[in-house]
Protein chains: 2
Amino acid sequence: MIRLTATVLCALLSVAAQSPAVRSPEKHADGSVTFRLRAPNAKQVTLAGEIAPTPLPMNKGEDGVWTLTTGRLEPDIYSYRFVVDGQSTPDPANPALKEGGSVLSSVLLLRGTRLNAWDLRVDVSHGTIHRHMYRSTVIGDLREFDVYTPPGYETSSVKYPVLFLLHGSGDGPVTWVNYGKANNILDNLIGDGKAKPMIVVMPNGHTLPSGETDRSKNTPNFAADLRDSIIPQVEKLYRTESGKSNRAIAGLSMGGGQSLFVGLTNLDKYDYVAGFSSAIPSAEQLPRAALKAPAKLLWIGIGKDDQLLLRNEEFEKSLKEQNIPHTWKVTEGSHNWRVWRRYLTEVLPLLFR
Amino acid sequence: MIRLTATVLCALLSVAAQSPAVRSPEKHADGSVTFRLRAPNAKQVTLAGEIAPTPLPMNKGEDGVWTLTTGRLEPDIYSYRFVVDGQSTPDPANPALKEGGSVLSSVLLLRGTRLNAWDLRVDVSHGTIHRHMYRSTVIGDLREFDVYTPPGYETSSVKYPVLFLLHGSGDGPVTWVNYGKANNILDNLIGDGKAKPMIVVMPNGHTLPSGETDRSKNTPNFAADLRDSIIPQVEKLYRTESGKSNRAIAGLSMGGGQSLFVGLTNLDKYDYVAGFSSAIPSAEQLPRAALKAPAKLLWIGIGKDDQLLLRNEEFEKSLKEQNIPHTWKVTEGSHNWRVWRRYLTEVLPLLFR
């Protein structure tokens with residue numbers, strides 16, 4: 001173990017003494033935001049993430065603090081990170097982090113004068129999030145799934161329909177709540193009478209066993225884990241309405257592909273299927289010639305700046321060619337959570353009608 | 001908004017191309033660990049946190065990556081962070097973060113050949129974590145409390161005793177689970193028959209309303225919020241055994257002080273009271289002359305290197321002087337989670353006996 005000398009200690013203390021905490025991010029009244037990072041010896045610092053899809057260079061001050069002030073930003077939730085001489089880092093001055101992801105990012109929440117669909121509201125009741133651990137017989141490990149129950153669930157004896165809500169490849173089962181704010185969106189829509197009260201199950205979509213490198217097995221593994229491990233537990237632990245008219249599946253990116261695969265190959269189990277910015281399953285996994293529509297809803301949304309637009313357009317073309325009823329939305333935006341919160345807000349009111 | 005020029009973009013891409021991801025932390029077979037951070041232009045980088053209570057200087061390589069390899073470390077859970085030219089930052093190469101805290105720290109989990117009390121085990125059943133939002137009439141905001149229910153809770157009709165488990169001032173209600181691993185400790189002790197199955201309620205101990213600067217109000221506010229907001233909800237939402245013999249309160253640091261205050265001023269409600277490394281309440285808040293013992297357990301633990309040792313010794317002296325039965329433990333360790341996981345493991349088997 002390295003020993004600390006008095007000289008080094010004094011150097012450390014003197015550095016600490018010279019480094020008052022910076023304030024970041026600082027929200028201004030005009031809707032602009034200032035980001036700051038102390039990095040006195042860095043040669044280049046940029047701001048990256050959802051806040052800046054193309055990284056933005058920051059400016060170094062004489063005090064060693066790098067700064068960038070944006071123009072007015074739309075009230076929304078943005079992830080961001082700093083890139084310091086090539087090394088990505090979250091904002092050390094901001095305790096709000098995007099959890100469950102593979103890249104460490106900080107979170108900026110901008111509330112406007114008008115409420116957004118995902119804002120936490122005091123005028124509606126709030127559901128509960130439940131975190132379960134289980135042994136997956138398919139993957140062979142201990143893993144997690146999370147469940148949202150609507151306000152009043154614990155004190156009633158009513159049964160509820162179930163939405164399975166799937167995350168993307170860069171995220172985990174907690175991300176739909178902790179960053180996607182799915183619970184707030186549900187609380188608000190249910191509180192306003194715009195969505196039916198429902199149970200929402202958020203499984204872990206990373207289903208390659210340790211050491212398995214064939215990524216094409218991920219979707220079939222997920223389908224098996226959902227069917228054999230998760231659904232039996234959900235039906236045992238929660239008051240769920242049975243039957244396909246009370247089952248929906250939706251997801252984003254990787255989870256969008258999983259939703260389309262599971263939903264469209266199990267039409268006897270799911271009446272509602274939605275894919276957000278989906279990693280469309282290959283024609284081998286989901287043969288296009290055999291496609292049929294779910295009984296109630298097939299919803300596909302993609303941002304016009306999303307790199308998966310072409311694959312979604314091709315898939316939608318095969319739906320049209322076969323006269324399969326579906327909803328097709330090409331919206332503003334790229335492959336990020338700003339889009340996915342809006343898609344969830346649009347789809348929830350369509351379920352279980 | 002700052003515009004990105006082609007020159008800047010090329011510079012960024014070239015930096016990114018030159019920066020392969022570093023591996024950190026890297027665990028070695030002999031129990032040592034290597035930490036790495038790319039910071040090519042930094043003048044000084046140190047390793048700090050529970051892993052290095054006195055910050056350790058790291059060494060810069062020609063590739064701009066700073067490195068430190070420890071000696072053999074005890075299998076345990078350690079928080080750590082890097083300090084780069086005076087700026088603290090978590091490890092960008094490590095997705096495991098300490099959540100809910102005021103300082104961003106990374107987490108190193110070292111498992112040994114022997115299981116630790118907090119290790120996730122496949123041979124025991126696992127309880128469920130529930131996250132609730134509520135409007136606090138005392139503090140006036142929307143806030144969270146978390147609840148652990150033991151394995152089998154959802155499928156039985158048994159009633160359970162309740163432990164209220166409180167966090168410290170640098171943490172939040174999620175920290176006892178996400179970093180303290182209280183759920184694993186409970187699953188393991190219950191699975192091994194060493195602790196009684198119980199419900200554990202983890203409230204938010206930060207109870208100063210926005211704008212309130214008088215910190216002495218925090219503990220009485222907490223006591224009021226627990227009594228008026230949290231306990232009524234817990235009794236409505238969960239199958240709890242009633243009566244003081246089925247109520248315990250324990251906490252660490254700030255939460256240790258709150259536990260002693262609430263427990264010792266409500267002997268008609270709590271038979272079990274424990275303080276871990278406690279911020280002992282002042283004699284004004286908790287008059288020493290009026291102290292009486294809880295019916296079953298008063299447990300006080302403190303590390304011999306903890307800065308709160310003297311305050312705990314003084315408090316213990318007044319207990320002894322008044323012949324108040326109590327358990328007094330001065331252990332190895334300082335003011336950190338390595339101590340608190342061990343204290344919880346020691347106290348849980350003593351409850352509800």
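Just so we're on the same page: letters track the sequence lines, and every chain starts at 1. Predicted, not measured: the structure shown is a model, and the values here were computed from it.
When every heavy atom of P90(A) is checked against every heavy atom of P90(B), the shortest pair comes out as CG-CG, 3.7 Å.
Of residues 132-140 of chain A, those residues lying under 4.5 Å from chain B by any heavy-atom pair are H132(A), M133(A), R135(A). Of residues 176-183 of chain B, those residues lying under 4.5 Å from chain A by any heavy-atom pair are V177(B), N178(B), N183(B).
Ranked by heavy-atom pairs under 4.5 Å with chain B, the first of A96(A), S125(A), P40(A) is P40(A). The most heavy-atom pairs under 4.5 Å with chain A, out of D141(B), V122(B), V147(B), come from V122(B).
With a 6.0 Å radius and a threshold of 12 heavy atoms from other residues, nucleotides or ligands, K27(B) has its NZ atom above the threshold.
With values rounded to the nearest 0.5 angstrom, Q87(A) atom CD is found 8.5 Å from T89(B) atom OG1. Remark: L120(A) CG to L142(B) CG distance equals 4.5 Å, nearest 0.5 Å. In this structure, the separation between CG on L104(A) and CG on L97(B) is 5.0 Å, given to the nearest 0.5 Å.
Only the backbone of R121(A) has a heavy atom closer than 4.5 Å to any heavy atom of chain B. Of the atoms belonging to D146(B), not a single heavy atom falls under 4.5 Å from chain A. Looking at D91(A), the atoms closer than 4.5 Å to chain B (heavy atoms on both sides) all sit in the backbone: N, CA, C or O.
The closest side-chain heavy-atom distance from R131(B) to T128(A) is not below 4.5 Å.
Every residue meeting the salt bridge (Lys or Arg N to Asp or Glu O under 4.0 Å) condition with E235(B), not counting sequence neighbours, appears here in chain and number order: R247(B). Every residue was checked against the salt bridge (Lys or Arg N to Asp or Glu O under 4.0 Å) condition with E50(B), not counting sequence neighbours, and none meets it.
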Worksheet entry | Intermediate values then yes/no, side-chain hydrogen bond (donor to acceptor under 3.5 Å, both in side chains), N41(A) and D85(B) | CA-CA 8 Å; N41(A) 299 311; D85(B) 294 327; 2.7 Å; yes
Practice prompt. Using the side-chain contact (heavy atoms from CB on, under 4.5 Å) rule, take K236(A) and T155(B) through it: C-alpha gap first, then chi angles, then the decisive distance, then the call.
Written response: CA-CA 8 Å; K236(A) 196 174 90 176; T155(B) 50; 4.0 Å; yes
